[in-house]
Amino acid sequence: MTLRLHDTLSGETRPFTPIEPGHARIYSCGPTVYGPAHIGNFRSFLFADVLVRYLRFRGMRVTWVMNFTDIDDRIIQRANEAGESIEALTERWIAQFTADAAALRMTTPDVLPRATRHIDEIASLIGALEAGGHAYRTDDGSIYFRIASWPTYGRLARLDPAQMRVGERVEADDYGKDDVRDFALWKGPRPNEPTWDTSIGPGRPGWHIECSAMSMRHLGETFDIHTGGVDLIFPHHEDEIAQSEAATGRDFVRTWLHCAHLRLGGEKMARRVGNIARVADLLAAGVSPRALRYVLISVHYRQAVDYTDSSLAAASAAVDRLDSLVTALETYRESAGNSDPSLPEVLAAGRQKFEAALDDDLNISAALAALFDLVRDLNRRIDARTLSTTDARSGLDLLRDVDRVLALLPDAPAELDRQASGLLAARKVARDERDWVRSDALRDELLARGIAVEDSRDGQRWRRVDGAR
RNA sequence: GGCGACGUGGUGAAGUGGCUUAACACGGAGGUCUGCAAAACCUCUACUCACCGGUUCGAAUCCGGUCGUCGCCUCCA
């Protein structure tokens, strides 16, 4: 089986074959660092994360690039309002993003380019567009891309440029464009705005051009996969295609992948709507980061997801179920037992189902179903005591293996602090003496410390539980 | 106005022509195990896939229509 992916441009789901055999080059549109990313943004980043993880799981080398947009209108506005430098502002929000991403176990991209560090590449790209007759200058020193010069403009979004509604408001700075639908490649210098002196003159980059410049700089003129939220299809990605292909004369991206929206209250989560939830706030409120990750990745990426309290609670319970199994397998001891003869087959079949599901355009719901089928099967065998200690280890190994893609399992066996392990030891003594009152009191005390203790045939087993769920 | 996606149980969601009288997760009811608890396991929890009509030996799955929801056409993940 090979991985099949749904390409937005062609509308087809087709086998993924990287340009360089065994090496996938992926670009993901990253955050504009003018404020905190919300969990809707993170849905699209985590979708790319799962893709990258899965390709690596399948043995492929992956170069993953995710940019930071660290110069744009909103950033300038925020910095001016706060009387803060743009650098200080963007550094702060990059740090916040990095922390949020880490909490959600997002793989760190191989390259995290910033627009302000690719001004030369941007300028030379715009220069090439000018030379090719695809761009023109206006009186204020801005440079625009001429949509009329690109016949296939609108193909990605399936929009007919002639039918496009033109926004009612025409901003003052857009004055002088040949066509209102033309988009800015370069913005001429203005008071209270940063300016770079470049080969194409002074000014600052427009939004779309940075992604073309950075992706091509780090991945080549044609690369394998470009990801983003569906709201980036138009105009952002449409513009990227036009300007990149017009500049190089080559196909820009082989496969376009777009993630559907996260909704809250029935609407797309968006700052404008005001229905946003931030990672840091949720974590501060006691939400388990792994449960949050589960909510964000557990539905197919092209399907809109509603974020609700009950979806979070359900995710939390599902993650707990995984945790319980991990703990049970880790503590399982059956010295007398022989190996369970049917186990290897069950594990192999489970893994195969998991892979087959993800191969089908990253059908993660089906992959999770395969995982949970395996969870039930392993729990049964634990209950029935048919496993050997080694078998339990094999089961655990498989869970850890598929978790390279999911990143939902608890971290490798955590150490208990001295006090907690003391309490646990004391409880064992109490239990050996059948002192139930003391045993129960110690259990309560451990729970108050966030450690749930359960008694099993393998003795006491414990796992960490998060406070509020 | 143009374009597109979607509508499956109490909830989320997979399935897109026969293997499904519909996975998996959450929730609910009952039971087993256990000093208790928790976890786990077992049984049950949609004769049905928005609605109407059609194609077919056969449809949740294909076609047409109706209703509804959401998204894009403007900054947006």
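Everything numeric here is computed off the predicted structure, so don't read it as measured data. So you know, we letter chains A, B, ... as the sequences are listed, proteins then strands, and number each from 1. Values below: every heavy atom of this structure, side chains too, minus hydrogens, waters and symmetry copies.
- Taking side-chain N and O atoms only, A/R463 has no distance below 4.0 Å to OP1 or OP2 of B/A39.
- OP1 or OP2 of B/A77 has not a single side-chain nitrogen or oxygen of A/K268 nearer than 4.0 Å.
- For A/R427, whose side chain is taken as the heavy atoms from C-beta onward, the closest listed nucleotide among B/A38, B/A77, B/G35 is B/G35.
- In this structure, the separation between CG on A/N192 and CD1 on A/I76 is 10.0 Å, given to the nearest 0.5 Å.
- A tilted orientation is assigned to the rings of A/H237 and A/W256, their planes being inclined by 30° to 60°.
- Side-chain atoms of A/T98 come within 3.5 Å of backbone atoms of A/I94 as a donor-acceptor pair (strictly under, hydrogens ignored).
- Under the 3.5 Å distance criterion, the side-chain polar atoms of A/D224 are matched with a main-chain donor or acceptor of A/R25.
- Distances shown here put every side-chain N or O of A/R385 at or beyond 4.0 Å from the OP1 or OP2 atom of B/C33.
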Anything under 3.5 Å between a protein N or O and an N or O of nucleotides 42-46 of chain B, put it in a table, one pair a line.
{"from": "B/C42", "atom 1": "OP1", "to": "A/R380", "atom 2": "NE", "distance (Å)": "2.6"}
{"from": "B/C42", "atom 1": "OP1", "to": "A/R380", "atom 2": "NH2", "distance (Å)": "2.6"}

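- Look at A/R74 and you won't find any side-chain N or O under 4.0 angstrom from OP1 or OP2 of B/C75.
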Point to revise | Derivation of the side chain to side chain donor-acceptor pair (under 3.5 Å) call for A/T308 and A/D306 | key: CA-CA 6 Å; A/T308 62; A/D306 270 300; over 6 Å; no
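- The side chain of A/N379 contributes an N or O atom lying less than 4.0 Å from OP1 or OP2 of B/C41.
- Listed candidates were B/A37, B/G15, B/A77. Nearest to the side chain of A/L232 is B/A77.
- Listed candidates were B/C26, B/A14, B/C75. Nearest to the side chain of A/P235 is B/C75.
- Here A/N363 does not reach the OP1 or OP2 of B/A23: none of its side-chain N or O atoms lies under 4.0 Å away.
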Between the protein and nucleotides 3-10 of chain B, which nitrogen or oxygen pairs are less than 3.5 angstrom apart?
{"from": "B/C3", "atom 1": "O2'", "to": "A/R158", "atom 2": "O", "distance (Å)": "3.4"}

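- A distance below 6.0 Å separates the ring centres of A/H118 and A/H218.
- Side-chain atoms of A/D182 never come within 3.5 Å of backbone atoms of A/Y144 as a donor-acceptor pair (strictly under, hydrogens ignored).
- Look at CZ on A/F372: it is 8 Å from C1' on B/C24, rounded to the nearest Å.
- Comparing A/S324 and A/G40 by the nucleotide of RNA chain B whose heavy atom lies nearest to each, the residue mapping closer to the 5' end is A/S324.
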